[in-house]
Structures are given as structure tokens and as C-alpha cells.
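I have placed the structure first, in the form of C-alpha cells, so that the comments after it can refer back to it.
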Amino acid sequence: MMKFWKGFLIDIQFFTAIPIKLELPMDQEHLKKAVQAFPLVGLLQGIIYSAFFYFCSEFTPFSHLASAFLLWLATIFLTGGIHLDGWMDASDAFFSYQDQEKRLEIMKDPRTGAFGVLSILVLLSCRFLFIYESTVNVENTFYIIIAMIPFLSKSVMGVLLLTVRAAKNEGLGALFQKAAKPQSLWPYPFYLVCLLILVSFFSKEFFIIGILILASACCTFLFRRKAMKWFGGITGDVLGAAVEGIELLLWMTVWLLHYFVME
């Protein structure tokens with residue numbers, strides 16, 4: 001249990017801006033536990049987002065626009081921008097229309113190109129639109145949805161990490177991949193079942209949550225194929241881009257459901 005807890009703290013250090021001022025072990029066993037804790041770190045992020053949005057909406061004089069904007073900012077600052085960096089690097093590489101080796105070289109370049117800048121502008125603009133319009137009429141179910149989105153995206157990140165080969169033998173992605181095998185993913189469905197049981201006490205609208213889970217499964221299948229085709233495998237940047245892309249698609253799904261189902 002102590003190793004799992006330390007693995008969880010490793011994830012918080014790597015994937016959030018929450019200050020954890022501890023020197024944590026980085027051996028394979030602890031990194032394996034860190035991979036197994038990916039969804040829980042996503043759930044922690046989601047709970048923070050939900051609580052923050054609830055506070056802004058219910059206990060402050062802020063308008064709906066201001067509350068949505070603050071939630072949007074929270075999704076950027078809580079992660080420290082680590083996944084956004086991967087999104088920009090992967091965008092620069094993808095839109096270069098070069099071969100796989102050249103794309104990997106472009107992702108290693110610390111400079112950000114025009115496509116990286118444009119892609120992050122589109123990503124963040126779309127995310128704000130989806131958050132703003134989806135939060136017009138907030139019900140209890142929506143707070144659950146906010147918590148579910150990073151939980152699902154981090155789950156997909158773990159699946160991609162351990163089921164797609166590494167495009168290179170260095171970097172953050174390779175570090176985690178060497179520490180675990182696909183069999184290490186067994187806690188993921190357990191987390192999901194426990195979370196669904198917990199959700200059942202607060203909401204009966206499993207249809208919406210089921211749609212998000214189905215969308216995440218489709219994204220996993222799509223990103224596995226495209227990562228191999230475009231980059232020859234996964235890297236830390238590709239995983240970061242996948243997390244951002246999946247969260248955007250899940251927010252878009254909620255936005256579309258808001259228009260066609262939740263009205």
C-alpha cells in the first residue's frame with residue numbers, strides 16, 4: 001500500500017501543479033504503481049474542478065460567464081500545462097507532413113512552431129465554448145461529469161502507454177512504459193466499477209456517463225491506430241496530446257448532449 005501511495009504522489013508531481021516537496025523513489029516498482037494510479041490522479045483533478053466550479057457558482061457573486069472562465073483556467077493551471085506542451089509539440093510534428101523519423105525530431109525541438117500555436121488556440125477556444133455552453137443549466141449530474149472527464153482521459157493515457165509500443169527509448173513515456181506491462185492495467189476496470197457504484201447514489205442518469213465511457217473507448221481505439229501510423233508509437237508528447245484531445249472530445253460530447261439530449 002505504501003508503494004501505491006508513493007506511486008500516486010509521483011503522478012501528482014509529474015502531471016499536476018500541486019506542490020509535493022518529497023524525494024520519491026523512481027524505481028520500476030514505484031513507477032508501475034504510478035501507472036496503476038493514473039485514473040485516480042485524474043479523478044482527483046476532476047473532484048477539484050467540480051468543487052471549484054460549485055463554489056464559484058453557489059457561493060460567489062460571479063456570473064455564469066465568470067464561473068465558466070475560472071473553471072476553464074483551472075483545467076489549464078492545475079496540470080501545469082504539461083499535456084498542453086505535448087499537444088503543441090505533436091501538432092507541430094503532425095502538420096509538418098514529414099515521415100515518422102522527422103516527426104520525432106520535430107517533437108524534440110524545444111521551439112514551438114506556428115502550427116503548435118494555432119493548435120493550442122483552437123483547443124483552448126473550443127474547450128471554453130464547450131464548458132461555457134454546457135454549464136448553462138447545472139444539475140448534480142454535471143458535477144459528476146466534470147469529475148469523470150479527467151478520470152477517463154487519464155485511464156486512456158494508461159491504456160495507450162502499455163498497449164502501444166514506444167516510438168523511442170528515451171523520455172517520460174519510455175520511462176513509465178519500461179516499468180509496467182499491460183497486465184498492470186487490471187485496477188482500471190475495478191476503479192470504474194467502484195466509481196459507477198458511488199455515482200449511483202447521487203445520480204440515475206447513467207446514459208450520459210455511459211456515452212462518455214463509450215466515447216473514451218472509441219478514442220482509445222482511434223489513438224492507438226493513429227499513434228502508430230503518424231509517429232511509429234507513443235512518446236510523452238504523444239500521450240500528452242492524447243490526453244488533451246480526449247478531454248476535448250469528451251467536453252464536445254457533453255456539449256452536444258446538452259443540445260440534443262439534456263434539454
Side-chain angles (χ1 to χ4, degrees), residues 11 15-16 36-54 57 68 71-72 74-76 78-79 83-84 87 123-124 126-161 163 185 187-227 239-263:
D11 288 339
F15 302 118
T16 76
Q36 292 180 328
F38 280 176
L40 298 184
V41 174
L43 182 60
L44 173 63
Q45 290 177 236
I47 291 172
I48 292 173
Y49 297 152
S50 292
F52 181 65
F53 184 69
Y54 180 78
S57 301
L71 174 59
W72 176 77
T75 64
I76 299 171
L78 185 61
T79 62
H83 300 312
L84 291 174
W87 173 269
L123 174 81
L124 294 178
C126 290
R127 185 193 296 174
F128 177 73
L129 170 68
F130 299 153
I131 289 175
Y132 173 71
E133 293 210 336
S134 299
T135 55
V136 172
N137 297 311
V138 180
E139 298 179 356
N140 289 339
T141 302
F142 187 78
Y143 295 107
I144 296 172
I145 290 171
I146 293 177
M148 286 289 293
I149 287 176
F151 169 81
L152 291 172
S153 69
K154 287 295 193 298
S155 298
V156 173
M157 182 176 77
V159 173
L160 293 176
L161 175 70
T163 60
L185 296 172
Y188 285 28
F190 174 73
Y191 298 150
L192 181 59
V193 170
C194 290
L195 186 57
L196 290 176
I197 293 173
L198 183 62
V199 166
S200 68
F201 291 102
F202 300 96
S203 175
K204 302 301 180 183
E205 296 188 38
F206 280 99
F207 171 74
I208 297 172
I209 296 172
I211 291 293
L212 293 180
I213 295 172
L214 178 62
S216 299
C218 293
C219 287
T220 304
F221 176 76
L222 176 66
F223 274 94
R224 285 186 65 192
R225 295 188 61 182
K226 297 305 181 182
L239 286 174
V243 170
E244 291 294 345
I246 290 165
E247 290 193 3
L248 182 67
L249 289 172
L250 292 178
W251 275 113
M252 184 180 72
T253 302
V254 174
W255 176 66
L256 292 173
L257 290 173
H258 171 75
Y259 275 104
F260 299 106
V261 177
M262 298 168 70
E263 286 290 343

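Residue numbers start at 1 and run along the sequence shown.
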Legend entry - Heavy-atom pair with the smallest gap, counting every atom of L185 and G158: CD2-O, 3.7 Å
Inset, instruction - Could you pull out all residues at least two apart from S153 that satisfy side chain to side chain donor-acceptor pair (under 3.5 Å)? - result: E247
Legend entry - Trace of the side-chain contact (heavy atoms from CB on, under 4.5 Å) decision for V156 with L160: CA-CA 6 Å; V156 173; L160 293 176; 3.9 Å; yes
Inset, instruction - Flag the pair L152 / I246 as yes when at least one side-chain heavy-atom distance between them is below 4.5 Å, and no otherwise. - result: no
Legend entry - Side-chain donor/acceptor of Y191 to backbone N/O of Q36, under 3.5 Å: yes
Legend entry - Contacts of type side-chain contact (heavy atoms from CB on, under 4.5 Å), residue L196, not counting sequence neighbours: L192, F206, I209, I213
Legend entry - Residues forming a side-chain contact (heavy atoms from CB on, under 4.5 Å) with L84, sequence neighbours excluded: I76, I120, L123, L124, R127, E244
Legend entry - T79 vs T75 side-chain heavy atoms within contact, under 4.5 Å: no
Inset, instruction - Quick one: list whatever passes ring-ring contact (aromatic ring centres under 6.0 Å, His included) with W255, sequence neighbours left out. - result: F130, Y259
Legend entry - Non-hydrogen atoms of T163 and V159 that approach each other most closely: OG1-O, 2.5 Å
Inset, instruction - In sequence, state the C-alpha distance, the side-chain angles, and the governing distance for Y188 and F38, and then conclude on side-chain contact (heavy atoms from CB on, under 4.5 Å). - result: CA-CA 9 Å; Y188 285 28; F38 280 176; 3.6 Å; yes
Legend entry - Separation of L195 CG from M148 CE (nearest 0.5 Å): 5.0 Å
Inset, instruction - Can you measure from CE (M252) to CG (L257) and round to the nearest 0.5 angstrom? - result: 10.5 Å
Inset, instruction - Could I get the full list of side-chain contact (heavy atoms from CB on, under 4.5 Å) partners for L78, not counting sequence neighbours? - result: I18, Q45, I48, Y49
Inset, instruction - Output the distance between atom CD1 (I145) and atom CD1 (I211), rounded to the nearest 0.5 Å. - result: 11.0 Å
Inset, instruction - Could you list the residues that satisfy side-chain contact (heavy atoms from CB on, under 4.5 Å) with S50, not counting sequence neighbours? - result: Y143, I146, A147
Inset, instruction - Kindly compute the distance separating CG (L239) from CZ (F15), expressed to the nearest 0.5 Å. - result: 8.0 Å
Legend entry - Distance (rounded to the nearest 0.5 Å) between I131 CD1 and L71 CG: 4.5 Å
Legend entry - Spacing of CZ belonging to F53 relative to CZ belonging to F142, to within rounding of 0.5 Å: 6.0 Å
Inset, instruction - Taking all non-hydrogen atoms of both residues into account, name the closest pair between G42 and K154 and its distance. - result: CA-CG, 3.6 Å
